[in-house]
Amino acid sequence: MVNEVILFGKRAVPLDNRAKAPSSRSRFDSRMRLLKNDLDFRRRWKHVAYVELWSDAAIFKYDDGTKWYMNIS
């Protein structure tokens with residue numbers, strides 16, 4: 001069940017925090033702040049449909065069904 005949303009740029013994407021730990025969400029938020037000027041990430045972000053957040057990784061799921069893993073530890 002998705003009850004959180006991640007806002008980045010002008011897009012809002014559903015976020016499923018599977019870790020259920022506030023520390024993983026804060027690490028994810030700080031990692032996203034570091035990527036705000038990364039052009040390659042911003043291009044990828046345009047196609048993200050859903051984000052799963054685990055204890056040490058974030059899984060970005062795209063519209064076409066592919067996935068991209070980002071280490072947040």
ILVMFWY network linking I59 to L53, side-chain heavy atoms under 4.5 angstrom: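 Not linked; separate clusters.
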Do L35 and W54 share a hydrophobic cluster, counting only Ile, Leu, Val, Met, Phe, Trp and Tyr and linking them when any side-chain heavy atoms are less than 4.5 Å apart?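 Looking at the clustering, W54 is in a separate group from L35.
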How close do [X] and [Y] get, heavy atom to heavy atom, and via which atoms?
| X | Y | answer |
| --- | --- | --- |
| F8 | M32 | CE1-O, 3.5 Å |
| S24 | A19 | OG-CB, 3.6 Å |
| R43 | H47 | O-CD2, 3.5 Å |
| E4 | N17 | OE2-CB, 3.5 Å |

Can you tell me how far apart CH2 (W45) and CG (D40) are? Round to the nearest 0.5 Å.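 So the gap between those two atoms works out to 14.5 Å.
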Answer yes or no: is there a side-chain heavy-atom contact under 4.5 Å between V51 and F28?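 Side-chain contact under 4.5 Å: yes.
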Indicate yes or no for a side-chain donor-acceptor contact from R42 to the backbone of K36 under 3.5 Å, with no hydrogens or angles considered.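 Answer holds: yes.
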Which pairs would a plain distance check flag for residues 64-73, meaning a side-chain donor or acceptor within less than 3.5 Å of a matching protein atom at least two apart in sequence or in another chain?
{"residue": "D64", "atom": "OD1", "partner": "T66", "partner atom": "N", "Å": "3.2"}
{"residue": "D64", "atom": "OD1", "partner": "T66", "partner atom": "OG1", "Å": "2.8"}
{"residue": "N71", "atom": "OD1", "partner": "S73", "partner atom": "N", "Å": "3.1"}
{"residue": "N71", "atom": "OD1", "partner": "S73", "partner atom": "OG", "Å": "2.9"}

So does R25 pair up with D29, basic N to acidic O under 4.0 Å?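 Counted as a salt bridge, because a side-chain N and a carboxylate O are separated by less than 4.0 Å.
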